[in-house]
Amino acid sequence: MRHEILLSGFGGQGIILSSVILGRAAAIYDLKHVIQTQVYGPEARGGASMGGVIIDDEPIHYPKLRRPDIYLIMSQEGFERYGAKAEAGAVMVLDSDLVQSRPGCRYFEVPATSVAKKELGKVIVANIVMLGALVRATGVVSEGAIERATLESVPKGTEELNLKALKRGRELIIMGGEG
Amino acid sequence: MRHEILLSGFGGQGIILSSVILGRAAAIYDLKHVIQTQVYGPEARGGASMGGVIIDDEPIHYPKLRRPDIYLIMSQEGFERYGAKAEAGAVMVLDSDLVQSRPGCRYFEVPATSVAKKELGKVIVANIVMLGALVRATGVVSEGAIERATLESVPKGTEELNLKALKRGRELIIMGGEG
Amino acid sequence: MNFLEWYRVDRLPSIFCAGCGIGTVINCTLSAVTSMGWRRNDVVFLSGIGCSSRAPGYIRTDSLHTTHGRALAFATGVKLAEPRLNVILFTGDGDLAAIGGNHFIHACRRNIDLTVVCVNNYIYGMTGGQGSPTTPVGARSSTTPYGSTETPFDLSELAMAAGANYVSRWTPYHTKELTAAVKAGLETPGLSFIEVMTQCPTGYGRANRLRDVKEFMEIFRMRSMLKQKADRLLKEGKPVPPDAIVIGEFVRRSRPVMGRRG
Amino acid sequence: MNFLEWYRVDRLPSIFCAGCGIGTVINCTLSAVTSMGWRRNDVVFLSGIGCSSRAPGYIRTDSLHTTHGRALAFATGVKLAEPRLNVILFTGDGDLAAIGGNHFIHACRRNIDLTVVCVNNYIYGMTGGQGSPTTPVGARSSTTPYGSTETPFDLSELAMAAGANYVSRWTPYHTKELTAAVKAGLETPGLSFIEVMTQCPTGYGRANRLRDVKEFMEIFRMRSMLKQKADRLLKEGKPVPPDAIVIGEFVRRSRPVMGRRG
Amino acid sequence: MVKDVPCMRLVIDENRCKGCNLCVLVCPYKIFREGKKPNRKGIVVPELDRPERCPNCRLRQLYGRTICGLCQLICPDQAIDWIGEEPYEHMKVAIEY
Amino acid sequence: MVKDVPCMRLVIDENRCKGCNLCVLVCPYKIFREGKKPNRKGIVVPELDRPERCPNCRLRQLYGRTICGLCQLICPDQAIDWIGEEPYEHMKVAIEY
Amino acid sequence: MTMRRFLQGNIACAEGAIAAGCRFFAGYPITPSTEVAEHMAERLPKMGGTFIQMEDEIASIAAVIGASWTGKRAMTATSGPGLSLMMENIGYAAMTETPCVIVDIQRGGPSTGQPTMASQGDMLQARFGSHGDYSIIALSPSGVQEMYEMTVHAFNMADRYRIPVFLMADEIVGHMREPMEVPDSVLIIQRRLLEEEGRKPFEPREDLVPDFPLFGHGHFVHVTGLTHDERGYPSTSNPEVHERLVKRLVQKVEGARREIAMFDVVNPDAEVVFVSYGAPSRSVQQVLHDFPGEGFGHLRLKTPWPFPEWAPGRFENAKTFIFPELNMGQMARELERHVDQPVISVPKLGGALHSPEELAKVAMEER
Amino acid sequence: MTMRRFLQGNIACAEGAIAAGCRFFAGYPITPSTEVAEHMAERLPKMGGTFIQMEDEIASIAAVIGASWTGKRAMTATSGPGLSLMMENIGYAAMTETPCVIVDIQRGGPSTGQPTMASQGDMLQARFGSHGDYSIIALSPSGVQEMYEMTVHAFNMADRYRIPVFLMADEIVGHMREPMEVPDSVLIIQRRLLEEEGRKPFEPREDLVPDFPLFGHGHFVHVTGLTHDERGYPSTSNPEVHERLVKRLVQKVEGARREIAMFDVVNPDAEVVFVSYGAPSRSVQQVLHDFPGEGFGHLRLKTPWPFPEWAPGRFENAKTFIFPELNMGQMARELERHVDQPVISVPKLGGALHSPEELAKVAMEER
Ligand SMILES: Cc1ncc(C[n+]2csc(CCOP(=O)(O)OP(=O)(O)O)c2C)c(N)n1
Ligand SMILES: Cc1ncc(C[n+]2csc(CCOP(=O)(O)OP(=O)(O)O)c2C)c(N)n1
Ligand code: SF4
Ligand code: SF4
Ligand code: SF4
Ligand code: SF4
Ligand code: SF4
Ligand code: SF4
Ligand SMILES: [Mg+2]
Ligand SMILES: [Mg+2]
């Protein structure tokens with residue numbers, strides 16, 4: 001099985017970190033072949049940020065995304081730049097607080113930012129909420145893997161909060177975020 | 001006609017200047033083809049200095065001396081390094097005050113340094129005495145040419161002295177310096 | 001004329017981070033320049049590489065955005081070849097004092113008629129927050145993860161020791177004073193050096209708990225000490241607090257100048 | 001131990017011109033080094049490019065004759081990688097202060113534990129007598145045929161402003177004092193800078209009617225003024241003659257040091 | 001008597017503002033207030049509190065030069081400017097200096 | 001009583017000396033004198049005037065360290081040194097300090 | 001034993017260096033290489049090593065060379081503009097036979113160009129960027145595992161041949177993250193030290209490499225960038241000494257090409273053969289994967305320099321060589337010297353990799 | 001009208017520059033180029049020009065580029081080590097399309113090497129020494145008259161194509177003195193200035209060269225070494241803009257090879273053909289002179305870069321090319337790319353020229 005996941009949002013949301021966590025989950029805990037890439041550059045300051053993860057059972061040659069089948073979108077600009085092109089067969093998880101448009105593919109609306117801010121008290125974990133949702137919605141990595149990878153990647157002392165965020169993300173899907 | 005002139009002495013004697021004057025005389029006033037070259041380098045400090053002049057009626061291709069036929073030697077070290085190899089058919093003008101050895105070819109002994117010091121009052125013009133002698137002994141450039149080239153090349157105010165030096169050089173040959 | 005008119009508005013917003021002080025420094029500089037009554041044709045801006053060195057790209061005059069650290073050498077060519085041009089440089093602490101240190105001291109020594117505005121944010125902003133020759137001892141950066149141990153340069157001191165005719169230091173908090181200082185620099189023949197201690201919330205701030213611009217500004221407000229006062233303290237044998245940012249005019253003099261028109 | 005024993009005698013005579021002061025500077029330096037009781041294995045000499053930078057090639061220890069201007073950067077690597085080595089540099093005014101100026105101020109800023117002996121002969125000797133950043137105003141050289149117009153650096157001042165722990169200046173005329181100064185430099189932790197105003201009869205002398213070494217020495221004897229005296233004059237409000245060569249110890253202090261062993 | 005002098009209106013260019021709130025910090029008249037809602041770009045632009053109190057709004061045209069102008073000078077993103085406008089209703093504003 | 005102490009002899013290495021005469025300049029005993037004739041390399045090496053007067057010649061062995069040594073220290077070409085030698089005839093030399 | 005880690009290429013490079021025993025890093029930050037320095041800044045102090053951020057790249061490579069003479073494995077990392085500045089001292093390292101490792105994470109040039117975009121634009125500079133004749137080794141990794149392994153290998157080659165060795169990576173390989181296996185220990189080829197009594201410090205062995213006279217060990221070696229004889233003494237006007245030295249410096253590498261060069265040959269019977277190094281190798285691998293039936297060949301150069309001129313000959317039926325590079329065909333120039341078949345250079349500028357589709361298209365046209 | 005003078009090559013170069021209208025020189029002394037700077041120091045102040053000795057070579061080329069933007073013809077002169085240091089800013093000149101002339105009087109390398117001995121060791125560095133892809137022009141004089149004329153031509157080419165142009169001479173040609181004819185006036189090809197209303201400052205004409213927007217003339221041009229669009233605005237992540245710019249920078253030179261390249265063809269029927277540039281041309285000429293009956297051919301490259309790849313084809317019967325160089329065969333590498341016949345590189349290191357006898361011997365063996 002091969003998946004290509006495209007993550008996008010604006011600078012400061014932790015999009016790149018999400019892509020790294022996702023990659024690490026697949027690579028270290030699910031023992032998959034993985035490549036994580038991202039867009040660098042001064043334009044990434046404040047502007048749209050983008051990360052890509054390829055997860056495959058086979059070795060991966062070409063490292064860039066060719067046909068993303070999974071999207072995680074956390075800003076309207078990110079949607080317009082990347083998400084709008086999603087193919088019909090793709091799946092998208094979007095932050096419904098920040099993304100106004102809706103794609104042509106199957107998608108899940110996750111109010112990650114408001115949940116993070118209001119329920120979890122830290123807007124900064126919105127990206128982790130989204131990750132939880134993404135994993136539940138797509139099964140692209142195992143839930144154990146995403147938990148362990150998250151714990152390994154976040155600052156000491158914030159483990160609890162991030163686990164909670166993951167959990168809330170999962171729940172938001174169970175509660176039927178599909179749009 | 002082609003001549004290859006090799007000049008050597010120790011640093012500070014004005015050997016290089018002599019080679020330039022000779023070259024200029026041939027190039028500008030005798031309208032010959034000329035190439036002047038010299039040995040550069042920190043080793044030239046104090047150590048043996050060397051200049052080469054090729055004078056030809058035809059264009060000169062290869063710029064370095066191939067078979068010098070005229071030598072102007074102003075130090076024993078210069079003699080040992082260069083003059084000792086002079087071919088039988090060559091002509092050498094040597095400063096008999098400074099060069100102890102004698103070559104296998106035709107040569108002229110010119111006490112240039114003592115003449116310059118004692119008669120002309122300036123040891124620094126010994127090289128010009130040598131030039132005067134060289135031109136008279138070999139006719140490699142015209143006497144008018146060497147005079148004009150010398151005048152053009154020496155510091156303002158020393159023209160008289162240098163003309164005198166040239167003249168004394170010529171006389172030393174007439175007086176029969178041939179060894 | 002309002003300084004905003006000198007901007008290349010088609011390039012705004014700039015690439016600078018939210019709260020970055022560079023924009024303020026450009027404002028003050030342009031404000032000083034416009035107050036000189038110069039036409040845009042009389043002024044050339046130069047810079048090296050760095051966030052601060054992106055400034056000329058936002059100004060609608062001729063400008064050379066050169067290589068990292070070398071702007072002063074390029075500027076020497078511009079000024080000597082065409083002395084009628086008023087030449088102003090934007091530079092950063094890394095650009096000027098790390099890789100560009102030699103050109104800096106030589107330009108000061110020659111006292112060439114240029115105005116140098118240095119955005120000293122204690123950090124390499126553009127490359128993501130590495131230590132610079134002005135990073136304070138103990139401060140963290142991505143290349144001083146355990147706190148910097150090297151003694152930083154006092155750039156204004158160095159400029160004076162090397163020979164600059166005009167030297168002053170301010171912060172973006174002191175907009176009016178900074179503007180006046182740049183103007184004084186433009187007016188003084190020879191090399192004028194205006195050092196602006198500037199907030200970099202992204203590079204420096206993130207690593208040193210100063211992500212909030214307001215806190216940065218508070219530091220500039222609270223820790224700044226006028227040179228006169230610092231001098232007075234020293235004279236009285238009292239210590240100047242080690243974390244004080246001494247601001248004000250350091251020197252204005254008339255050593256021989258290179259490249260002055262006319 | 002006599003300092004002559006530290007020479008690579010198989011390379012003598014040196015390439016230096018008759019009367020050149022560099023040989024004297026090497027003598028004094030080696031004399032100081034031997035008086036420290038160090039073994040040859042404890043000492044590494046480095047240099048850049050120039051006549052003065054040829055010095056290490058005549059000394060029988062490990063040595064790096066590097067690229068023009070960069071010796072201090074190479075030395076930083078040697079010292080930090082192996083702090084047990086005592087690292088001494090020979091450099092010239094061109095090597096240190098023209099092309100090498102940036103490494104100079106940064107080494108002083110870091111105050112890395114090295115001893116720098118700078119042969120300041122006001123000229124580029126090796127390349128045949130071009131002006132340098134220390135060529136006095138009005139002096140002639142092959143690139144200042146009408147007399148130099150740029151203000152020269154005061155290298156000792158610069159070293160102090162940049163942060164060196166030990167700074168002194170002498171001339172080859174003052175052999176004993178120079179030897180003592182180098183020794184003091186070797187003893188002082190941090191960067192020690194010993195500037196030696198030196199005769200270059202070939203490069204500087206030829207262009208400035210100082211071809212005769214004795215005249216040069218006479219200048220060093222007559223125009224040298226001890227720092228103490230110059231300070232006294234200044235204090236008394238009396239002028240220090242502009243052509244005075246102020247000699248003596250300028251600073252000995254204990255700012256934080258980089259690369260000190262142990 | 002200020003009636004005939006045209007006034008200016010203080011504006012924040014939403015395309016340029018990055019929400020740093022330095023304007024909030026420096027305005028002596030507290031005319032800027034931290035905003036609350038992020039815009040499309042995710043930026044929280046400050047709000048204006050009775051900008052007609054700004055002396056520059058009122059007097060720039062009169063004096064022919066910028067009055068105060070602190071906010072504009074410090075705004076790192078060139079987002080603050082004044083545009084010409086019909087006079088405010090003057091009576092509301094007390095001239096305060 | 002200095003009889004048994006071995007003395008040193010001052011020598012100029014002709015292969016190294018470049019004839020700069022700095023030794024002439026600094027020797028307090030005027031032991032060096034400008035030379036007159038150029039040698040094979042064209043260099044005029046200084047002459048020595050009663051080198052046995054040099055305190056280093058006399059006392060280096062005694063004190064086990066260099067005495068004076070100015071000429072050696074200033075000689076830019078490492079041409080001056082002392083070599084061990086049979087004692088000079090002491091009587092000729094007055095100890096002068 | 002190995003440990004599975006998920007690392008960025010630049011971090012893998014730094015980890016490889018540390019595994020190889022590198023204990024001295026001097027550098028100057030530059031995108032997209034900075035993570036190498038940053039990781040060394042964090043790791044080295046804990047290992048008893050030295051990290052120093054120098055005032056510029058010239059000083060960085062200088063400090064590395066200085067450290068190397070004390071016997072430390074030393075390295076720097078940079079990108080194009082920094083590499084340009086290092087060129088004089090890289091020539092010095094070649095001339096003085098100083099082992100050192102230079103990591104170049106290539107970005108879009110010339111000049112400041114596109115600092116965050118990938119390129120392979122410094123391949124000829126790495127080989128020819130300093131004045132005069134000399135030779136170097138360049139390794140070109142195409143993935144995170146190779147960033148690690150080739151960094152280790154770079155140190156071994158530097159010590160083995162006493163030369164500057166370049167790790168010519170690019171932004172893509174430097175910044176991507178992949179799982180990799182970190183070995184417990186790595187193969188170390190020690191620098192051959194001068195120990196033999198009476199042997200001169202620059203006297204070559206049969207392999208043309210002189211034993212290394214470590215500073216502080218009584219060799220009293222004079223190291224100079226001037227032309228020097230076997231004692232290390234300057235010889236500035238003797239043509240024979242110069243010719244012998246420079247030819248040896250070139251020959252010790254070029255003559256050992258067969259030992260040094262590493263490359264992969266896939267489908268040696270192919271008529272259409274891709275040649276690649278670094279990131280574009282991934283595109284080519286994808287083409288071969290996507291079009292298994294087309295019988296395309298692939299010559300992957302792991303050591304672009306010295307160029308293994310016999311390697312193309314391993315494809316005996318080759319009719320065309322297709323050479324995708326993230327530059328205007330820099331290594332294709334070299335290939336052209338050695339083969340009679342047409343070389344189709346497929347340049348790509350601007351940071352993106354060649355898509356497998358576009359490469360396949362070129363190849364199809366050639367068949 | 002001309003005037004006969006007896007000049008050193010380096011002085012002829014400086015005089016050529018002045019005749020070409022060069023009024024700005026920034027440099028840093030280095031053997032064997034120093035006489036160029038020294039002569040400029042003497043002459044320029046008298047001509048209302050500017051001579052400045054900068055703190056190093058990096059600053060020298062920077063000042064030259066700065067001066068060029070004010071419209072001055074500007075130049076620097078150096079040798080290998082200095083050229084290495086200039087590489088970053090030479091790339092900047094290429095990227096910003098700044099006309100400038102760089103004189104390299106080549107000496108023995110690598111590193112400090114043999115500073116007073118001749119070489120041609122910087123030929124590949126001149127072409128490939130900076131990071132990224134770009135193109136330059138290099139002229140190679142083989143006598144004093146050409147030192148003068150090619151310096152003039154270098155300025156014309158620099159202005160014509162808006163690129164750095166190299167005068168790649170060597171110590172022999174730089175230091176030898178020959179009589180030469182100094183013309184009263186020389187042909188000047190002016191820089192094409194931007195005057196057309198609304199034309200963008202980096203918008204190329206059909207010849208791919210944009211008009212030059214002089215500083216201080218109301219163009220308000222932003223000049224950056226970043227990838228930039230036709231307005232001059234930075235474009236740091238757009239691959240198309242980068243690709244278009246870099247390809248144009250290369251193409252404007254490479255595509256004009258037939259206009260730019262200059263070479264002499266002697267004995268086009270020859271089977272054994274010497275190829276040369278610079279000083280070794282003199283040796284080859286001597287061989288042809290000494291052995292008139294042998295029918296040797298001679299291709300003399302006056303512009304090694306861009307390499308005129310069609311020129312060897314002018315020798316239709318050529319069986320072998322013999323390429324003497326004062327390096328390890330740097331340009332021979334290039335020739336190999338373009339010809340099917342064997343290329344016999346005859347390297348010579350250490351400062352001496354190939355003797356006519358040794359070249360004749362090689363040629364005889366080939367016949
Ligand atoms: C030769 C070279 N080395 C390194 C870099 C990478 N670089 C770009 S900007 C910068 C530092 C900028 O710091 P500073 O001048 O303080 O500017 P800031 O971004 O902080 O305003 C560096 C190291 C470069 N562009 N060129
Ligand atoms: C990069 C480089 N530029 C220029 C030179 C030429 N060069 C050699 S020595 C020197 C100047 C030396 O001057 P200084 O350091 O004062 O030494 P001195 O010869 O006067 O003792 C120069 C410019 C060089 N070797 N390398
Ligand atoms: S990184 Fe720092 S200096 Fe650069 S734009 Fe951001 S805040 Fe400003
Ligand atoms: S040129 Fe000057 S510095 Fe160099 S050796 Fe001669 S006298 Fe000494
Ligand atoms: S200062 Fe400018 S950028 Fe900052 S919040 Fe105010 S208007 Fe916006
Ligand atoms: S001009 Fe002054 S008073 Fe008016 S809004 Fe700005 S800061 Fe406030
Ligand atoms: S000081 Fe030395 S070199 Fe000079 S004359 Fe005396 S012995 Fe000779
Ligand atoms: S040691 Fe002193 S006294 Fe003896 S010769 Fe030398 S300078 Fe004269
Ligand atoms: Mg900074
Ligand atoms: Mg000097």
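Just so it is clear, the values below take in all heavy atoms, side chains as well, and ignore hydrogens, waters and symmetry mates. Treat the numbers as computed from the prediction; the structure is a model and nothing was measured.
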* Output yes when a side-chain donor or acceptor of Gln286(H) lies under 3.5 Å from a complementary backbone atom of Tyr62(B), and no otherwise. => yes
* Check each atom of Ile54(B) against the heavy atoms of chain H and say whether the ones under 4.5 Å are side chain, backbone, both or neither. => neither
* Asked: What part of Val53(B) lies closer than 4.5 angstrom to a heavy atom of chain H: side chain, backbone, both or neither?
  -> neither
* His61(B) side chain near Val287(H) side chain, heavy-atom distance below 4.5 Å -> no
* Are the side chains of Arg66(B) and Glu357(H) in touch, meaning some heavy atoms are under 4.5 Å apart? -> yes
* Asked: Which members of residues 3-13 of chain H, sorted by number, sit under 4.5 angstrom from chain B on a heavy-atom basis?
  -> Arg4(H), Arg5(H), Phe6(H), Gln8(H)
* Structure fact -> If one checks every heavy atom of Ser142(H) against chain B at 4.5 Å, the contacting part turns out to be neither
* Relative to chain B, which of Met117(H), Glu171(H), Gln285(H) shows the most heavy atom pairs under 4.5 Å? -> Gln285(H)
* To do: Answer yes or no: does atom CZ of Arg67(B) have more than 12 heavy-atom neighbours from other residues, nucleotides or ligands under 6.0 Å?
  => no
* **More than 12 heavy atoms from other groups under 6.0 Å of NZ on Lys164(B)** => no
* Structure fact -> Rounded to the nearest 0.5 angstrom, the CD-NE2 distance for Gln38(B) and His175(H) is 7.0 Å
* To do: Calculate, to the nearest 0.5 Å, the distance between atoms CE and NZ belonging to Met176(H) and Lys64(B) respectively.
  => 9.5 Å
* Structure fact -> In short, Pro179(H) meets Val34(B) closest at the heavy-atom pair CD-O, 3.1 Å
* Report the C-alpha distance between Val20(B) and Arg177(H) in whole Å, list the side-chain angles of each, state the deciding distance to 0.1 Å, and finish with yes or no for side-chain contact (heavy atoms from CB on, under 4.5 Å). => CA-CA 8 Å; Val20(B) 175; Arg177(H) 288 183 179 81; 3.4 Å; yes
